[in-house]
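Below, read A as the first sequence line, B as the second, and so on, with proteins coming before strands; counting in each chain starts at 1.
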Number of protein chains: 2
Amino acid sequence: MPIQPIVTLSERQTLSEQVYNDLKEAIIAGDIAQGAKITEDELAKKYGISRGPLREALRRLESIRLLTKIPHAGMRVITLTPEMIEEIYIVREALEGMSARLAAERMTDEEIEALHLLLHRHANNIDKSDGKLYLQREGDLDFHFRIAQASNNQWLMDLLSSELYQLLRMCRHRTSQAPARPIKALAEHKQIVEAIASRDAELAEMLMRRHISGAWKTVKQLLNEELSEEIVESDQDNKTRH
Amino acid sequence: MPIQPIVTLSERQTLSEQVYNDLKEAIIAGDIAQGAKITEDELAKKYGISRGPLREALRRLESIRLLTKIPHAGMRVITLTPEMIEEIYIVREALEGMSARLAAERMTDEEIEALHLLLHRHANNIDKSDGKLYLQREGDLDFHFRIAQASNNQWLMDLLSSELYQLLRMCRHRTSQAPARPIKALAEHKQIVEAIASRDAELAEMLMRRHISGAWKTVKQLLNEELSEEIVESDQDNKTRH
DNA sequence: TTGGTAGAAATTGTCAACAAACTAATTTTA
DNA sequence: TAAAATTAGTTTGTTGACAATTTCTACCAA
């Protein structure tokens with residue numbers, strides 16, 4: 001599976017950054033498999049750069065937890081086990097809960113209005129084409145991202161947008177493409193916006209935490225089903241082999 | 001101010017790691033001033049290594065937010081403004097609150113017993129020598145670290161111990177060396193341990209969040225006092241100059 | 001067959017030189 | 001005199017070669 005060569009020569013981006021972005025998307029999309037071994041020389045040749053900037057890109061990918069490293073022994077793409085996904089949702093609940101609380105205190109009226117509009121668009125999308133799940137999913141992250149922004153806390157925003165949301169995107173690529181309960185999620189989003197609009201920080205945090213722990217329960221269910229399917233499949237494999 | 005040369009040749013540590021650790025401590029301790037410009041060549045010579053591994057160390061320091069970088073324009077040591085310190089305490093409240101909740105659910109009886117012992121030692125320290133504030137402070141972080149460990153959530157632990165606690169240590173070196181209300185803090189620690197011992201996750205989280213937001217209020221006060229003192233001092237400077 | 005040990009191959013860690021970009025000082029021009 | 005342009009100097013970005021370490025493989029012994 002060929003990774004796209006770098007073409008943005010006009011941009012004044014550093015090589016390391018370009019490769020960082022490309023690799024990030026490749027890992028999230030699954031073009032580079034989970035648990036895959038990363039060999040510097042190989043990747044450097046593939047991207048047509050030397051190992052120096054590549055190593056910097058890899059370090060950055062390590063810092064957002066997409067790669068794990070063992071000194072002298074190389075790097076591997078992260079493997080999203082169910083346990084790891086649970087960790088992500090737990091950290092997410094804590095951070096986004098706080099984010100919603102701060103948003104209720106600090107969000108401007110204009111931003112709240114924009115959020116309302118966003119939710120209306122989402123409602124339309126669900127009505128019209130409930131097949132476009134990818135869009136729906138990206139829309140979900142957009143909602144959460146705007147609240148993170150409104151928290152007015154740079155660190156919180158960074159943690160959420162440059163680390164957590166990337167991992168979430170990767171989870172979603174991995175999990176079966178089944179609809180992630182878009183109608184229920186939309187209703188919960190509306191509740192949260194209402195709490196923010198009425199400046200009820202306490203409630204906003206509570207609703208956001210419920211929203212996320214609810215999402216985790218759904219994902220957990222899906223993972224269990226997936227797991228049992230895999231077991232059935234491997235049983236069938238065994239049968240056909242005999 | 002000579003930074004120690006690398007002597008641990010017996011260790012199988014990579015040069016980059018050694019310099020990373022040394023630089024981390026130097027920044028936290030204030031041996032390298034806040035806002036100071038980092039020049040790769042200069043530091044590389046000081047440590048007797050080439051720029052390759054040094055750059056890797058710098059990247060890692062950037063990823064734990066001790067350095068900030070602008071492409072092509074160099075790196076600077078972070079400057080801890082009051083706003084930034086507030087951000088740290090807010091993120092801390094969210095993460096450690098969750099950490100305490102999980103600890104209440106998952107901590108083993110042995111670990112709880114060990115926590116009790118730790119608090120007794122702290123109580124003795126306060127009685128005997130209330131001058132040894134540094135020890136007291138490190139002890140405080142030790143308490144919080146153990147709870148983070150008990151959360152059994154690798155990501156949460158990493159965020160707290162390798163990022164947040166380092167920033168906190170830096171804040172404490174910066175803030176005036178006034179006692180950080182050790183007696184009140186100890187009482188609150190005891191409450192938290194009680195909640196964990198009785199497996200009351202809800203309460204443990206609430207108490208931890210209160211503990212941290214209370215600590216922030218104290219620190220905020222100190223920062224304000226410090227600020228007004230500085231203004232008075234600079235006024236005096238002006239007078240003496242005339 | 002199993003287990004362990006040497007050597008060979010592959011991979012990561014480190015270095016020093018070169019290229020590109022930015023900063024600052026000086027000169028030129030209006 | 002002040003603003004803009006140019007140029008020298010410094011600093012970061014990038015490269016390819018070399019050194020150190022690990023992993024693989026083949027071989028031997030039990």
Nearest heavy atoms of B:Leu223 and B:Arg174, plus distance in Å: CD2-NH1, 4.0 Å
So, B:Arg146 versus B:Gln149: side-chain donor-acceptor pair below 3.5 Å or not? no
Whether B:Arg55 contacts D:dG13 is assessed here as follows: a side-chain N or O lying under 4.0 Å from the phosphate OP1 or OP2. Is that the case? yes
Distance col, row B:Arg172:CZ vs B:Ile85:CD1, nearest 0.5 angstrom, shows 11.5 Å
Can a donor-acceptor pair be found between the side chains of A:Thr108 and A:Glu111 at a distance below 3.5 Å? yes
For the pair A:Arg169 and A:Glu25, find out whether any cationic side-chain nitrogen is under 4.0 Å from an anionic carboxylate oxygen. yes
With each end axis built from five pairs of C1' atoms, what bend angle do you get for the helix from C:dT1-D:dA30 to C:dA30-D:dT1? Round to 10°. 20°
Give B:Ile70 one of three labels, base, sugar-phosphate or nothing, depending on what nucleic acid heavy atoms sit under 4.0 Å from its own. nothing
It should be established whether B:Thr39 places a side-chain nitrogen or oxygen under 4.0 Å from OP1 or OP2 of nucleotide D:dT12. no
B:Lys69 vs D:dG13: side-chain N/O to OP1/OP2 distance below 4.0 Å: yes
Could you pick out which residue, A:Ser16 or A:His72, lies toward the 5' side of DNA chain D when each is mapped onto its nearest nucleotide? A:Ser16
Assign each of A:Arg51 and B:Pro71 the nucleotide of DNA chain D bearing its closest heavy atom; nearer the 5' end lies the nucleotide of B:Pro71
May I ask you to verify if any side-chain N or O of B:Lys37 is less than 4.0 angstrom from the OP1 or OP2 atom of D:dT12? yes
Determine the contact category for A:Gly52: base if any of its heavy atoms lies under 4.0 Å from a base atom, sugar-phosphate if only primed atoms, P, OP1 or OP2 are that close, otherwise nothing. base
Considering every strand and a 4.0 Å limit on heavy-atom distances, what is the contact class for B:Pro53: base, sugar-phosphate, or nothing? sugar-phosphate
Measure CD/B:Glu40 against C1'/D:dT10 and give the value in whole Å, please. 12 Å
